[in-house]
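Keep in mind that what you see is a predicted model, and the values were worked out from it rather than measured. Just so you know, ligand 1 is whichever comes first in the structure, and atom 1 is the first atom listed for that ligand.
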Amino acid sequence: MFGIKADWSLDIQERYFTIDDYEGNEARWCDGCGDHAVLATAHRILRDAQLPPEKSVFISGIGCSSRMPHYMATYGLHGTHGRALPLACGVKSRRPELDVWVATGDGDCFSIGAGHWIHAVRYNMDMTILIFDNQIYGLTKKQTSPTSPIDLKTNTHPEGSFLDALNPLTVTLGITNASFVAQVIDWNPPLLYETLKAAHEHKGTSFVRIIQRCPVFVDGITKELQNDSSKLLLLKHHDGIPVAAGLERLFPESREHDPSDMTTALDIARDETTKGIIPVGLLYKNEDIPCYSDLSALGHDITDEDKIAATNKALDAFAI
Ligand code: SF4
C-alpha cells in the first residue's frame, strides 16, 4: 500500500490490515446476543487504528463474553474465573508495548473478580476493560449476578432476587486512580464505536460498562430500554464521547457533563440506583494519573547478564 505525503514523497505502508486480519473463529454466541456487536466494534477499532494483530492481546476470564479472545486473530488468553484483570496487569507489566484489552462480564468481574477490579483500576495500567454487563450469569444458565435487578426471577432466586443491584459506576468512580469511566449500550453501533475508540485512545485503565443484551435469559431488561430510550441519559461534552447530531436525536434525555468533574460524575452514577436514570457516555476522565505499567517497565531494557547479577544480589540479601 502507498499514498502521497504532504511533501509529495511516497508514503509506503508495508502492511495494510482489513477486518479479516482481526477475525478469529466464528463467534458461537446466541443469535441476538449483544456480544456480537462488541466483537464487531473491536474489529473495526483495530482496523481503523491499523494495529498489527500480533501487537494486540485480548484477555478474559470465564463467562459468555469471555469467549472473545477466541474470536480475535490477535494474541489472546482465556483465563480462569474472575482473573482476567490480574492476568492483563501481568501481561502489561512485562510487555508494555502490547495493546491490552480485557473482556469480562458482570459475574466474572463484579463477583469473584471484585478484588482484582479494585486493584486493577488503582494500578491504572494502560489497557481497555470491556465489561459485558447482561445482569445475569448466562454461561451457567440464568443465575443471579451482582448487577441483577431486585426481584428478578432466576434459577438461584426463583421467587426473585433479594438485593438491589450493585452499581458498578459508583464503585469504579470511588476507586483511587480511576482515570476513565464510561457506560454505553450495545445496540447503538455508532455510540458503541465512539465510546470504545475513546477508551482505547485513553492512556491508562479505561473502564467501560457495556449494557449488553442477553435475549435468552433476560430479554425483558434491555427490551424495555430499547423500547423506551427516555430511561437513558446521554452525556454530552466536547471532552466526552463524540455524538453526531443525528445520533443525539435518538436520546430524548441528555445533559452536558464535564468529564473532569468527579463530584457530578458520582451524582449521575448514583441516579442510576436511586432514580433509575441510566447514563450513557463518559462519566469521568483524568489524564494526569500515572500508569503503573510505566513504572513497572523500568529496567526492562537491561541486559540478561545484568538481570542475573541483580537477581543474585537480591538473593544474597538472605544469605546467613
Ligand atoms: Fe449471549 Fe445470553 Fe446467549 Fe450468553 S446466554 S451467548 S449472554 S445471549
### Query
Hey, mind stepping through Leu232 and Ile278 against side-chain contact (heavy atoms from CB on, under 4.5 Å) and telling me if it holds?
CA-CA 5 Å; Leu232 301 168; Ile278 299 168; 3.9 Å; yes
### Task
Decide side-chain contact (heavy atoms from CB on, under 4.5 Å) for Cys89 and Met127; before the verdict, give the C-alpha distance in whole Å, the side-chain angles of both, and the deciding distance to 0.1 Å.
CA-CA 9 Å; Cys89 288; Met127 63 177 70; 4.1 Å; yes
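Within a 6.0 Å radius of CZ in Arg122, other residues, nucleotides and ligands contribute 12 heavy atoms or fewer.
Pairs passing the ring pair (Phe, Tyr, Trp, His ring centres under 6.0 Å) check and including a residue from residues 28-65, sequence neighbours excluded, read Trp29-His36, Trp29-Tyr71, Phe58-Trp101.
Only protein N, O or S atoms were scored, and 1 of them lie under 2.8 Å from atom 1 (Fe) of ligand 1.
Close contacts of ligand 1 with Phe217, meaning ligand atoms under 4.0 Å from a residue heavy atom, involve 5 (S).
Between His257 and Thr264, the side chains place no donor N or O within less than 3.5 Å of an acceptor N or O (distance only, hydrogens not considered).
By the 4.5 Å heavy-atom criterion applied to side chains, Ser179 and Lys203 are not counted as neighbours.
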